[in-house]
Amino acid sequence: MLDSIKILNLLLPFLYGTAFSVYLFDFFHEKKSTNNSKRVILFVTLFFHAFYLVARMIEYNHPPITNKFEIFSIIACSIAFSYFILELLTDIRGTGAFIIFFSFLFQLVSSLFVADTYIVPDVLRNNLLGLHVVSALLGYSGITISAVYGLLFMILYKNIKTNKFGLVFNRLPSLEILEKLSFYSMVIGFVLLTVAIVIGIIWLPAAFPNYSYADPKLVGTFIVWAAYGVGIAMKLIGNLYGKKVIIFSLIGFLFGIMSLIVTNSLAKTFHSFY
Amino acid sequence: MNLIGISINHKTSPLELREAVHLTRDEIVEFIPSLKKYLSDGVVISTCNRTEIFGFLQLHGFDAVPLIDSLISFKPNLGIKTEHFSKYFSCGAVKHIFSVASGIDSLIIGDSQILGQVKESFEISEDLDFSGSVLRRIFETAAKVGKRAIKETTIGEGAVTVSYAAVQVVEKIFSSLDKKSALVIGAGETGELAAVHLRDKGVGKITIANRTIERAAKLSEKVNGEIISFQFLNEQLHNFDIVISATSSSNFIVSLKDVQTAMKKRRGSPIVIMDIAVPRDIDPEVKKIDNVFYHDMDSLKIIVDQNLQKRKDQLPYVENIIMEEMISFFGWYNSLDVVPTIKTMRSFFEEIRQDELEKIKHKLNEEDFSKVEDMTRRMIGRLLHNPTIKLREYAETGSNIKEVTNNTVILKELFNLIDNKSSVEEKKI
């Protein structure tokens, strides 16, 4: 089992690198052969990644969430998985390179620095915590993808406004589709964050007797969650269109990242395990 | 091959002369009988940019002047001279037909309409019993060339007219056009083209505004649209996701303030404004408003020029297809010699058999003679089976033409075969 983990640890950055390269090649050249094969490559990558995560869980006897580099691997997987589902649902295949690049980056860092962790605090062996972390990470993947599509929207928007009809104009889907992809990712991210928060609230009193709802990380996450909720509601009732939705998504993402950095690095919180 | 062709087109003559000799379908039907004096079979192609006649001459020689004269006498025009026509012969004529069908000889490279027009022209000839098997094969191959060019290259892709480029930009902004409403201001030629493109792209609702209400009504009927009063169009502007303006007005029809007001009413929902009029109809300052996508002739021309260049880059690939189909066609054409050779060879062997049987007929009883007759028939059949099959294979596939010709010549020389004239009359010498 350990050998399989070691091999997959080396193989995964290579697989994500290949998937990213094929998606990028297809973005520039739009060949029929790569258009079909890139999805297969991504599926195979995800399959091996899922196997790798399960193998780690069995071998080390805890969910793979006990250190930053295990978390990085889950982020890589959840971003790629979220994109894969989005691509299957919408059949829009031209934007994968911009998303899978993040999976490649996270997995590369994870593979380089991840260690064998047999001994971990008891609190991290809890399966409810595993579910909480996975749903939170998938939620953050959703808002990351939403931000990437938002960025692509802004680039295409600017290109059209300034009469630049080059590669970006020819290869990217329409602004309306990019807006929808960004919005759907945002909704998926929001729902998964909601799940993570609910699980956290259930599990918190049992795990930490000294917990506090005023904890900076909880407050920060709740503000991000509430902001996205308001944005989604505004879009649904018809007060946000086009560029405004995208700006909202990008600001929400930046705020979310800032909140994570501040609460993880600067503020004192019980919600820190590493 | 005594195929001949003449062509007056955008490369050889100005528009007024091309218009002067343009033939409608009815005129082609009327014109073809006069060509039968010179051609055994032929085709007349006439579009807005070219009028061409192709066919096999009744007599030997390559004199194209009678064809030109007959066209000029049918559509008299003082300005037209022989110099305005290109002339094509034999394989040059075949290559030209293939080039026309592929769209690379069109005024707008990659024009997709020409393939249908070429097919239709041949159908007229077929209806009038003015087409032989070789001509049919040429036009079938031409249709194949046209289809391959579309399928295997990008010669027909991308907008190459300003009005279509406008629609292409619209498609980069909106995805589901069936839920969008469009306003076309101006019902002239450009406005009409834009409205038709919008209809073809499935835009949900098309509305026409024009100073002359009758013209607006006529265009709206054509695109299944509606009309609004030209005077009040600014008050209705907020109701449209797409606005295309193509009038001959010398002043702005839509001002910055009009669009600002419309955007307020739309609560910022995106709007695409295409000003394809010269001089412009819409204040270009509107492009500064968020979610307003304004484009004029200059910006749309960038797309047109890019796409034309892309099509030009595809020319070598289409020319390769033409060359491949030329090789295939002439392979088939040259292999037409094989069929009469097979017939002659089998007749030659049959004559020898009959001759020898005649010699022994009186020396054998009826039963023995019948056995010998059967035996010799089987023997000849077995002897000729392989050469017949091989030659037929060459004829059917139309490949290895050099080998076919060599084998045919050797066969004829070895057995001193003389072609049966009636077998080759289908082939145009």
Side-chain angles (χ1 to χ4, degrees), chain A residues 28-33 35 86 89-95 149-150 152-184 231 233-251, chain B residues 151-154 157-160 162 164-180 201 238 241-242 263-275 284-310:
Chain A
F28 282 105
H29 301 286
E30 211 177 15
K31 293 252 162 76
K32 213 173 203 175
S33 52
N35 193 33
L86 210 59
L89 291 175
T90 59
D91 204 33
I92 294 162
R93 307 179 187 203
T95 56
Y149 280 125
L152 293 176
F153 176 98
M154 292 306 286
I155 294 168
L156 181 60
Y157 180 91
K158 196 148 189 258
N159 271 261
I160 295 174
K161 279 280 223 180
T162 54
N163 303 329
K164 284 180 188 159
F165 304 111
L167 189 71
V168 168
F169 178 80
N170 287 320
R171 293 284 189 268
L172 285 183
S174 70
L175 285 175
E176 202 169 64
I177 286 178
L178 286 172
E179 184 198 326
K180 273 183 191 166
L181 288 172
S182 180
F183 181 67
Y184 291 158
M234 279 171 74
K235 165 75 180 163
L236 290 176
I237 58 171
N239 278 332
L240 279 184
Y241 291 103
K243 197 177 159 191
K244 284 182 184 168
V245 179
I246 298 305
I247 290 172
F248 190 91
S249 163
L250 290 173
I251 291 173
Chain B
K151 201 177 168 191
E152 295 173 25
T153 74
T154 53
E157 287 181 13
V160 285
V162 167
Y164 196 61
V167 176
Q168 195 185 346
V169 175
V170 168
E171 283 185 305
K172 269 291 160 192
I173 295 161
F174 297 129
S175 59
S176 39
L177 292 181
D178 56 322
K179 289 171 189 153
K180 305 296 174 207
K201 287 288 175 186
H238 65 281
D241 305 296
I242 303 157
M263 285 307 280
K264 270 184 195 162
K265 287 181 186 171
R266 290 174 66 79
R267 292 195 289 180
S269 178
I271 184 169
V272 182
I273 298 174
M274 298 290 171
D275 189 349
E285 286 295 303
V286 302
K287 74 170 90 168
K288 290 179 182 166
I289 306 170
D290 261 358
N291 286 330
V292 172
F293 298 93
Y294 169 87
H295 291 277
D296 57 19
M297 284 290 262
D298 280 353
S299 58
L300 294 172
K301 189 122 194 335
I302 296 170
I303 297 179
V304 170
D305 290 344
Q306 279 178 354
N307 288 334
L308 277 174
Q309 188 51 49
K310 279 182 198 164

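Protein chains get the first letters and strands the later ones, always in sequence-line order, with residue 1 at the start of each.
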Please determine whether side chain to side chain contact (heavy atoms under 4.5 Å, CB included) holds for the pair B:Ile302 and A:Lys164, giving the CA-CA distance in whole Å, both sets of side-chain angles, and the decisive distance to 0.1 Å. CA-CA 9 Å; B:Ile302 296 170; A:Lys164 284 180 188 159; over 6 Å; no
What are the residues of residues 172-179 of chain B, in order of number, with any heavy atom under 4.5 angstrom from a heavy atom of chain A? B:Lys172, B:Ile173, B:Phe174, B:Ser175, B:Ser176
Side chain, backbone, both or neither: which part of B:Glu171 has an atom under 4.5 Å from a heavy atom of chain A? backbone
Side chain, backbone, both or neither: which part of B:Lys180 has an atom under 4.5 Å from a heavy atom of chain A? side chain
Interatomic spacing from CG in B:Asp305 to CZ in A:Phe165 - rounded to 0.5 Å: 11.5 Å
CG/A:Asn170 to CD1/B:Ile303 distance, rounded to the nearest 0.5 angstrom? 8.5 Å
Could you check whether atom [atom1] of [X] has more than 12 heavy atoms from other residues, nucleotides or ligands sitting under 6.0 Å from it?
| X | atom1 | result |
| --- | --- | --- |
| B:Lys265 | NZ | yes |
| A:Phe183 | CZ | yes |
| A:Phe169 | CZ | yes |

Keeping B:Lys287 on the side-chain end and A:Lys161 on the backbone end, is there a donor-acceptor pair under 3.5 Å? no
Check whether any side-chain N or O of A:Lys244 sits under 3.5 Å from a backbone N or O of B:Ser269 as a donor-acceptor pair, and report yes or no. no
Which pair of heavy atoms, one from B:Asn291 and one from A:Tyr157, lies closest together, and at what distance? N-OH, 2.8 Å
Tell me, for A:Leu156 versus chain B, whether the close heavy atoms (under 4.5 Å) come from the side chain, the backbone, both or neither. side chain
